[in-house]
Amino acid sequence: MAVFMVVLGVLLVLCICSALLRWNEVRYRKKGLPPGTMGWPVFGETTEFLKQGPSFMKNQRARYGSFFKSHILGCPTIVSMEPEVNRYILMNEAKGLVPGYPQSMLDILGKCNIAAVHGSTHKYMRGALLALISPALIREQLLPKIDEFMRTHLSNWDNQIINIQEKTKEMALLSSLKQIAGIESCSITQPFMTEFFKLVLGTLSLPIDLPGTNYRRGFQARKNIISMLSQLIEERRASQETHQDMLGCLMRSDENRHKLTDEEIIDQIITILYSGYETVSTTTMMAIKYLHDHPRVLQELRKEHLAIRDRKNPEDPIDWNDIKSLRFTRAVIFETSRLATIVNGVLRKTTQDMELNGFVIPKGWRIYVYTREINYDPFLYPEPFTFNPWRWLQDKSLESQNYFLIFGGGSRQCPGKELGIAEISTFLHYFVTRYRWEEIGGDKLMKFPRVEAPNGLHIRVSSY
């Protein structure tokens, strides 16, 4: 009897699960939608998407083609792997498409962050951001601060076992803090880093506001960061001193034609920190990994940087002309971003029912422009799984071709692209001219949903 009841219970559970899945599929069965599956009510296929990542995408593509429906990160979503369609989406934001980032990201980064706004507001906020990171400002103000920071950050690593993932994360955040708020940022460095790392984790989570969730911790971290930055702004206003940094520029409304409120200033700062942190830290870590695994590439890159040091005194800083001359280093950065796929894609949201790729996408649906597969297209990148920086020198059109979406596209191409390249280049300069390194071994790398080493990436460093 007991066995019968257990079997009956299992059958009942299976029937309920099957009914829920069937109900969710019927719920989203609208005329004109592309094929695909929607998974469970509320959760959709988020668990499979986050756990399986590229494998999930490849399986869905094999079943339904390069344009299919799903339900991920809390939203009904169209996934597009069609290069021409992706380019159209990125280049035509005003035509029924706006940023469609997950609710958790919008809540935690703030409603005024540049990824959340669109139309004239986006143009205004982007203008304010570009004013902070123009080539002239990078050359005259930001690069000297980056150089000074990297020299210090990379000192005393000789004969040490270093977790390069941890060090590159610190580098990306602390370098940005120095550029944003100068030496004053030192007083809030440790508590700020602690809260910032919680904020980052919260941006890629389901927006479930319960104790212990990454979303709750990330949202609380945002509140704490706002408090720290608000206090810093108030202290600066009280002192009436002039500061030559990003925060000083944002606060000088008389000189800045893009006048921002305190809320907009804080969201702008969080945006700068967040966008630069993930890409700069991860690209730098993976560049160290690939250089270790490819000695010939390391030899060529080190040769380029030693040539700069040979024409300088030991204490002479890296300048803008040096950065622009690092052609092979730039190729290494691009190839690292491509092969590691630091950014898997971008999200847009429909503001009206719209026809796309022969299907009708309902208003309010997300479109996931999934660019990962383009990075491994053998027609664009011969031997796509080979780390080959020379491809960027042999075919100079790669950086400008229509499908080069490593830094986004359209009106939302990453405004900090050149600043990020300058930071990574300066880090590599002092690292490869000062040190040799070898991996300890045993550390695993995850490539999805973000590139990371769950237990760190440990290297043994010795002097060069």
Side-chain angles (χ1 to χ4, degrees), residues 73 101-116 129 132 145 149 152-153 163 165-237 243 245-248 250-251 260-282 284-285 416 420 423 449-456:
L73 297 176
Y101 294 98
Q103 192 61 45
S104 54
M105 187 176 288
L106 298 178
D107 291 344
I108 292 171
L109 295 184
K111 65 181 182 181
C112 298
N113 90 80
I114 195 170
L129 181 57
L132 302 177
K145 292 178 181 178
F149 171 81
T152 304
H153 186 71
N163 180 353
Q165 176 172 256
E166 183 180 278
K167 288 295 185 182
T168 54
K169 283 183 176 181
E170 290 177 1
M171 174 273 290
L173 179 57
L174 297 179
S175 175
S176 293
L177 279 175
K178 185 175 182 66
Q179 296 166 56
I180 289 168
I183 57 172
E184 291 157 315
S185 60
C186 295
S187 61
I188 62 170
T189 293
Q190 283 307 129
F192 195 100
M193 274 205 301
T194 300
E195 297 304 319
F196 185 78
F197 294 153
K198 294 177 187 175
L199 179 147
V200 171
L201 285 175
T203 58
L204 195 61
S205 63
L206 285 172
I208 300 173
D209 191 15
L210 293 175
T213 61
N214 282 338
Y215 175 82
R216 169 71 70 87
R217 285 192 287 262
F219 195 72
Q220 184 58 50
R222 170 180 167 78
K223 291 180 179 179
N224 295 337
I225 287 172
I226 288 174
S227 177
M228 294 181 209
L229 293 176
S230 296
Q231 183 178 348
L232 182 58
I233 290 171
E234 289 173 8
E235 289 172 357
R236 286 200 170 189
R237 286 209 175 99
H243 298 270
D245 52 35
M246 291 185 185
L247 179 57
L250 289 170
M251 291 177 62
L260 305 179
T261 65
D262 282 3
E263 181 185 11
E264 290 171 334
I265 289 173
I266 288 171
D267 278 358
Q268 195 81 299
I269 290 172
I270 292 174
T271 298
I272 295 169
L273 289 169
Y274 180 83
S275 56
Y277 163 79
E278 188 87 357
T279 52
V280 169
S281 65
T282 308
T284 306
M285 177 187 76
E423 286 186 292
R450 47 169 51 102
V451 179
E452 63 178 340
N455 298 314

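Remember, it's a predicted structure, so these values are computed and weren't measured experimentally.
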Value for CD (Gln165) from CG (Asn455), rounded to nearest 0.5 Å, stands at 9.5 Å
Taking His153 for its side chain and Lys167 for its backbone only, find out whether a donor-acceptor pair lies under 3.5 Å. yes
Between Thr279 (side chain only) and Ser275 (backbone N and O only), is there a donor and an acceptor less than 3.5 Å apart? yes
Short side-chain to backbone donor-acceptor contact, Ser175 and Ala172, under 3.5 Å: no
Any donor-acceptor pair under 3.5 Å linking the side-chain atoms of Glu234 with those of Ser230? no
Any side-chain heavy atom of Glu423 sitting closer than 4.5 Å to one from Ser176? yes
With a 4.5 Å heavy-atom cut-off, do Tyr101 and Leu109 have their side chains touching? no
Please tell me if the side chains of Met171 and Phe149 come closer than 4.5 Å, counting only heavy atoms from C-beta onward. yes
Could you tell me whether Tyr274 and Phe196 have their ring centroids closer than 6.0 angstrom? no
Would you give the length of the straight line joining atom NZ of Lys169 to atom CE of Met285, rounded to the nearest 0.5 angstrom? 8.0 Å
Heavy-atom pair of closest approach, residues Gln179 and Asp245: O-CB, 3.4 Å
Please identify which of these residues, Leu273, Leu229, Leu250, meets the side chain to side chain contact (heavy atoms under 4.5 Å, CB included) condition with Ile180. Leu273
Return the OH to CG distance between Tyr277 and Leu177, rounded to the nearest 0.5 Å. 12.0 Å
When you look at Lys198 and Gln220, which way does the side-chain contact (heavy atoms from CB on, under 4.5 Å) test go after all the steps? CA-CA 9 Å; Lys198 294 177 187 175; Gln220 184 58 50; over 6 Å; no
When every non-hydrogen atom of Arg236 is compared with those of Ala181, the smallest separation belongs to NH2-O, 3.2 Å
Just verifying a value: how many Å separate Asn214 CG and Thr203 OG1, rounded to the nearest 0.5 Å? 9.5 Å
Compare all side-chain heavy atoms of Leu174 with those of Lys178 and state whether any distance is below 4.5 angstrom. no
CZ/Phe192 to CG/Leu173 distance, rounded to the nearest 0.5 angstrom? 6.5 Å
For the residue pair Glu452 and Thr282, establish whether any side-chain heavy-atom pair is separated by less than 4.5 Å. no
Do Glu264 and Gln268 have side-chain atoms, one donor and one acceptor, less than 3.5 Å apart? no
Can you tell me how far apart OG1 (Thr261) and CD1 (Ile266) are? Round to the nearest 0.5 Å. 8.5 Å
Taking the side chain as every heavy atom from C-beta outward, state whether Arg222 and Glu195 have any pair of such atoms under 4.5 Å apart. no
Do the side chain of Arg217 and the main chain of Gly212 share a donor and acceptor less than 3.5 angstrom apart? yes
For Met246 and Ile272, the nearest pair of non-hydrogen atoms, with its separation, is SD-CD1, 4.1 Å
Has Ser281 got a side-chain atom pairing as donor or acceptor with Thr168's backbone, closer than 3.5 angstrom? no
